[in-house]
Every structure is written in structure tokens, then in C-alpha cells.
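Note sheet for the following structure.
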Amino acid sequence: MKRLFKFTIHLFVLLLYSVLASFAFPNYFSESGYAFLAFIYLIPIFFIINRSSIFECIILGPIYGFTFFVCYNYWLSTFHPLAILIAPILKSAQYLILFPAIKLVQKIFKRRYYIGQTLVYVSYLYLTQQGFLGYPYGNLTSAVYCYTTLIQIVSITGIWGLAFIMVFLQTLIAEMLNEAELKYYLVDIIISVLLYAFTLTFGFFAKDYYDKKEADRSVKIAAIQHVNDTWKADYYECFKRLVALTDEAIAACPDVDLVVWSETAFVPSVRWNLEVLDNSSRAWLCKQFVEYGTSLPVPLITGNPEGVIDDPTKPPINEDLTYNWKTYNTVLFFNRGEIAGSYRKQHLVPFTEHFPYKEQLPWLYELLLKNDYKWWEKGYEATVFEYDGLRFSTPICFEDTFGYLSAEFVQNGADILINLSNDFWSQAVSAEVQHMNLSVFRAVENRRPLLRSTNSGITCLVLPSGEIVGQLEPFEQTYGIYDIPIGQKGGLTFYTKYPDLFAKLFVFASLMIYFYGIVNIIIHCYKRNKYKEVENI
């Protein structure tokens, strides 16, 4: 009964702090969130893990993961009823592994296990961004995007070094609360304070340097925030609104260099309707769109789905009147009277944009199809566009949450990152701010300006120092004219040259911890058997 009572208390505290943890990020009650909570909310979590058995951790982990992500990603219910279940369930499965993994570190080291627990936790943050299920949302570093002095370190370590520093002190405090002899941790406290001191000192000088550094030149870009449900609204009405706002922006700023629309701003596929079908019912609208884009006095960057033939041995339209096609989430670049280039989205949103397990999980594939999810094909090229000496890349929506992608664009020569997003479906400003928070780090990591051109928010410019300027009011039909500095970049940052290197080192160190534990078990068993042999003699 005593053990059950203790477990019940742990469960109650865990549920309480899973909700509190979600408040560190933009949430239902605060569109900006309470960032200071990111520096403390893990303390009770690690404290409970340290005081629980591995079996209890197996139970507590999924409960925490599910509750946290239901509260944190509450806006997914607007996208689709299935989405608010899929993400938390997947995360609860990951926490089913994470909590026991953290507990095992305590059993291996007995004391100062907090160092290993920090490594394991940060490794978890990195590993859960990899592959098909990669999902960066919920990373505690995104909550502190507003502390620009603190986040400058990511130009060296990526978000992983910042995460290590933030988690390190919290795991230390959790271990100190669990141990009686606190005097043994004086050196550890000093090390943690020094880590923060170094990070803030570096951040102060780095931010000051980029705030004062003069640009070689600047470009003016008009970002059109049209606020349309582009997939459900009348395509012609959406197009007219985009045209009206664009004409207004160019009239207000005749010397604008580029115009940017959002992800899938124009939905009917130009390539499919004009090149493949040639006489579709939407061809006339696609022709108007192309004529407008090519007639503008400046280049236009816009999202437009790209449809191509799937099976070349068959006609474009199947016998059941479905299309014989595959589609890409694409950016089109209109320049000098033609479509001068395109970029295909490389990292797709799991389940909602991409599901590669049709053969292995046909029941889930069919369920997702019945619930009106749309699949895209993956792109594989980190395209860099060029215009008038300006080189830029266009990560699409979700892609600006992944550090390695932006680093690849910059490695290929991009001076500016222009993100095209459509978060209109969320109907929640907090969801749009969560997305923006994650993207801020891409500018600092690579020391390149990042312009976000969105359907409904958050449209803004992020400078290489991490400062956000020109943020437009969410869900308001408007446009922003951004004077973007070029030439502040210098060379490639350490992170750009070696993206996610620190995360990979943390993963390696975590594996070595468990390897050390296995070796210790083998040695212990060997010694015990030898001792028994001696006793028998």
C-alpha cells in the first residue's frame, strides 16, 4: 500500500507538470508562452524518475508523453481529429523508452548520474527528429527563442548545445534533491554556472557583433499574407486576393526586388493542367496565374503543387476518372517572363503528407486515406535560386524546423532563407508562434537572414542575430515590405560546416554509457562465478 501510495503521488505530480511543461511554449492561454518554465519544468520529472523503479518508469513515461503533447499540440484537433491522437500516441511510445533509459543511467553510475541522464535526454531530442517520424515540436530550446543573448551559441553547437546546458542544471538539481549529501555537488554547481556564464558571455559579444555589422547591400522583398483556406476556398477568389495584395505592395514600394507568396498559395497544379492534361477545366485559371507571374516587373516566388505522370504507360486519367499522377509540394520561381526554376519539398510531415508503409501497414494507410490525408512525393535537391547576384533558398513550411536542411541550403550558397508556410488550418495563433519559435534558430545557426512568408502568420524577418522584425498581425490580410541586409554573413559558421555534430557526439556518449553498463554486468557475473568456484573448492 505504501508503494502504491507513492506511485499515485508520482503520477499526480507527473500529470501536473506535463501540463505545466506545455505552458513553457505558446499555449491556449498565452500566445507567447511562459519561457522561464523551460529552465525548471524537467526538475520534478527527473526527480520522479530517480525515485521510481524501471517498471514504474515504463508506466509513467507514456502517460507523461501523451499528456504533454495533447496539451502542447492541442491545435492539431483543428487539422483533423486523428491528428490530435496520432502525435501524442507516437510520442508516448517514445517516452515508453526514454523514461526507463534515463533510469538505467542512475543504476549504472549510482552518483553523478545526472551527466549521463542529460546526454540521454538530449540524444532523445535529436533522435526523434530523424527519419519518417521526425518531429521537432516540443524541444525545450524553442521556448527560449526570445532570449537572444542565450541562443547565440547555436551558431557553434546547434540547438543541441543549448539543450545540454538547459537540461544539465535541471538534472543536477533533481539528483541533489534525491541525495542526502548535497556538499558533494559544489563543484558540479560551479560547472553548471560556468556553462551558463560562458554561453551568455559569448552570446553578448556575438549579438553585439551582428547588431553592429554593416551589410554590403540590401534587398527589398514583399511578403504577401493573404489569409485564405487555399485548399477549400474558391481558387479564383484566392488568386484575385493574392493579385490585389501584390499590386498594392508593388504600388506602395515600386523598388521592391522580389515578391513572395505562401506555401500552396495557388493550388491548381500548373504543370499538370497546362503540360500534362492541356485542356483541363482549370487550365484557364492556371494560364491567368502564369501570365500574371511572368508579367510582373519583379520575380515572384510562390508555392504551387506539382503534378507529374505516375505510370508513363498509362494515360493521365484512369478508367475510374482518378488521376494517374504523383504530386510534389513545390515552390515556383517566376523570373524574366518565365518559370525559371522550382524546388520540391524534401522533409514531409509524417502521416499528413507522407506515409511510406503502405505495404507493411495497409490498414493504417487506408484509414489515413479515408480521412482525407494527402500524400506528397519527396524532393531530393537543396535548390538555390539566383537573381541579380542574390542567392536564396526556399524551405517549405515544416522544413524550417530542421537545422540540417537550412545548413545544406547555406552550404550550397544561399544568402537568404525564405520560408513559405501555410498554418492557416490550425486557426490558432499559438500554433503559428510555436512554428516561428523553431525557425528562429535557423537564422542564428547559419548567420543568414530568414524571411517567413506565410498564409496567415507568423510573417516576419529573423535577422542573423535572432532578432525578429516586421512581424505582421496573424490572420490579417496584409503584406510586409522587408529591407533585408546581405553581406553580414562572413564565412560559414561551425554549425553550417558540421550540422548536428554535437548531437551525434551526445548520442555516441550515451551509447558508451550503456556499453559501460553492459561490460560492468559481464565483469560482475564473471567475478561472482569465480567466487562460487573458489567456494566449491
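The model shown is predicted, which means the values in this text are computed figures rather than measured ones. Sequential numbering from 1 along the given sequence is applied to the chain's residues.
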Quiz item: Judged by modelled atom types alone, do T459 and T454 share a side-chain donor-acceptor pair under 3.5 Å?
Solution: yes

Quiz item: Parallel, tilted or perpendicular: which describes the rings of Y137 and H435, with under 30° parallel and over 60° perpendicular?
Solution: tilted

Exercise. Taking all non-hydrogen atoms of both residues into account, name the closest pair between Q225 and N455 and its distance.
Key: CG-O, 3.3 Å

Practice problem: Check for a donor-acceptor pair, side chain of E399 on one end and backbone N or O of Q346 on the other, with a separation under 3.5 Å. | Solution: yes

Quiz item: Can you check whether W272 reaches P316 side chain to side chain, under 4.5 Å on heavy atoms?
Solution: yes

Quiz item: How long is the gap from CD on Q129 to CD1 on I159, to the nearest 0.5 Å?
Solution: 5.0 Å

Quiz item: So, does Q434 use its side chain to make a donor-acceptor pair with the main chain of P26 at under 3.5 Å?
Solution: yes

Quiz item: Going through the checks in order, is the ring pair (Phe, Tyr, Trp, His ring centres under 6.0 Å) test met by W284 and Y236?
Solution: CA-CA 10 Å; W284 67 275; Y236 181 60; 5.7 Å; yes

Quiz item: Distance-only, no hydrogens or angles: does the R391 side chain make a donor-acceptor pair with backbone N or O of G413 under 3.5 Å?
Solution: yes

Exercise. Report yes if the side chains of F402 and P136 come closer than 4.5 Å at any heavy-atom pair, otherwise no.
Key: yes

Quiz item: In Å, rounded to the nearest 0.5 Å, how long is the span from OG1 of T330 to CD of E263?
Solution: 10.5 Å

Exercise. Side-chain contact test, heavy atoms from C-beta onward, threshold under 4.5 Å: evaluate it for W376 versus K345 and give yes or no.
Key: no

Quiz item: So, do F502 and V122 sit near enough that their side-chain heavy atoms are less than 4.5 Å apart?
Solution: no

Quiz item: Salt bridge check: are D211 and K207 linked by an N-O gap of less than 4.0 Å?
Solution: yes

Quiz item: Any sub-3.5 Å donor-acceptor pair from S453's side-chain atoms to V260's backbone N or O?
Solution: yes

Would you give me the side-chain donor-acceptor pairs under 3.5 Å for residues 81-95, sequence neighbours excluded?
{"residue": "K91", "atom": "NZ", "partner": "Q94", "partner atom": "OE1", "Å": "3.1"}
{"residue": "S92", "atom": "OG", "partner": "P88", "partner atom": "O", "Å": "3.3"}
{"residue": "S92", "atom": "OG", "partner": "I89", "partner atom": "O", "Å": "2.6"}

Quiz item: Are the ring centres of Y235 and F239 closer than 6.0 Å?
Solution: no

Quiz item: Given side chains that start at C-beta, do those of F506 and W160 come closer than 4.5 Å, heavy atoms only?
Solution: yes

Quiz item: Got a donor-acceptor contact below 3.5 angstrom from the R271 side chain to the E306 backbone?
Solution: no

Quiz item: Could you state the interatomic distance from CZ (F25) to OG (S142), rounded to the nearest 0.5 Å?
Solution: 4.5 Å

Exercise. Let me see the working for Y404 and H347 under side chain to side chain contact (heavy atoms under 4.5 Å, CB included), right down to the final yes or no.
Key: CA-CA 11 Å; Y404 80 92; H347 200 127; 2.9 Å; yes

Practice problem: State, to 0.1 Å, how close S456 and F424 come at their nearest heavy-atom pair, and which atoms those are. | Solution: OG-CA, 3.3 Å

Self-check item: Within 6.0 angstrom of Y28 OH, more than 12 heavy atoms from elsewhere
Solution: no

Practice problem: Please report the C-alpha distance between T128 and N139 in whole Å, then the side-chain angles of each, then the deciding distance to 0.1 Å, and finally whether the side chain to side chain contact (heavy atoms under 4.5 Å, CB included) criterion is met. | Solution: CA-CA 10 Å; T128 51; N139 189 310; over 6 Å; no

Quiz item: So does E237 have more than 12 non-hydrogen atoms from other groups sitting under 6.0 Å from CD?
Solution: yes

Practice problem: Compare all side-chain heavy atoms of D423 with those of C397 and state whether any distance is below 4.5 angstrom. | Solution: yes

Exercise. For residues M436 and Q471, report the shortest heavy-atom separation together with the two atoms involved.
Key: SD-OE1, 4.0 Å

Exercise. Given side chain to side chain contact (heavy atoms under 4.5 Å, CB included), test H226 with C238 step by step and report yes or no.
Key: CA-CA 8 Å; H226 51 110; C238 289; 5.7 Å; no

Exercise. Looking only at non-hydrogen atoms, find the nearest pair between A407 and Y495 and report the distance.
Key: CB-CE2, 4.1 Å

Quiz item: What about F392 and F333, are their ring centers closer than 6.0 Å?
Solution: yes

Quiz prompt | I151 side chain near F441 side chain, heavy-atom distance below 4.5 Å | solution = yes

Quiz prompt | By salt bridge (charged side-chain N to carboxylate O under 4.0 Å, His left out) - contacts of E248 (at least two apart) | solution = none

Exercise. Check the pair F289, F334 against ring pair (Phe, Tyr, Trp, His ring centres under 6.0 Å), reporting the backbone distance first and the verdict last.
Key: CA-CA 11 Å; F289 167 60; F334 289 88; 5.4 Å; yes

Quiz item: Hey, does the side chain of S77 reach the backbone of Y74 with a donor-acceptor pair shorter than 3.5 angstrom?
Solution: yes

Quiz item: Can you name the closest pair of heavy atoms from D257 and S218 and give their distance?
Solution: OD2-O, 4.5 Å

Quiz item: With sequence neighbours excluded, what pairs up with D255 under the salt bridge (charged side-chain N to carboxylate O under 4.0 Å, His left out) test?
Solution: K220

Quiz item: Looking only at atom types and distance, does a side-chain atom of S30 sit under 3.5 Å from a main-chain N or O of N27, one as donor and one as acceptor?
Solution: no

Quiz prompt | Test item: R447 side-chain N/O and L492 main-chain N/O as donor-acceptor pair under 3.5 Å | solution = no

Quiz item: Within a radius of less than 6.0 Å around CD of E359, do more than 12 heavy atoms belonging to other residues, nucleotides or ligands occur?
Solution: no

Quiz item: With a 3.5 Å cut-off and no angle check, do the side chains of S342 and Y328 form a donor-acceptor pair?
Solution: no

Quiz item: When rounded to the nearest 0.5 angstrom, what distance separates CG in N329 from OG1 in T264?
Solution: 6.5 Å

Practice problem: Give, for atom CG of N422 and atom CZ of F398, the distance between the pair rounded to the nearest 0.5 Å. | Solution: 15.0 Å

Quiz prompt | Spacing of CG belonging to L296 relative to CG belonging to L258, to within rounding of 0.5 Å | solution = 11.0 Å

Quiz item: Under 3.5 Å, is there a donor-acceptor pair between the D320 and T322 side chains?
Solution: yes

Quiz item: Is there a donor-acceptor pair closer than 3.5 Å between any side-chain N or O of T141 and the backbone N or O of A163?
Solution: no

Quiz prompt | N419 side-chain N/O to P395 backbone N/O, donor-acceptor pair under 3.5 Å | solution = yes

Practice problem: Please report the closest heavy-atom contact between G470 and Y482, naming both atoms and the distance. | Solution: O-OH, 2.5 Å

Quiz prompt | Heavy-atom side-chain proximity of E381 to E408 below 4.5 angstrom | solution = no

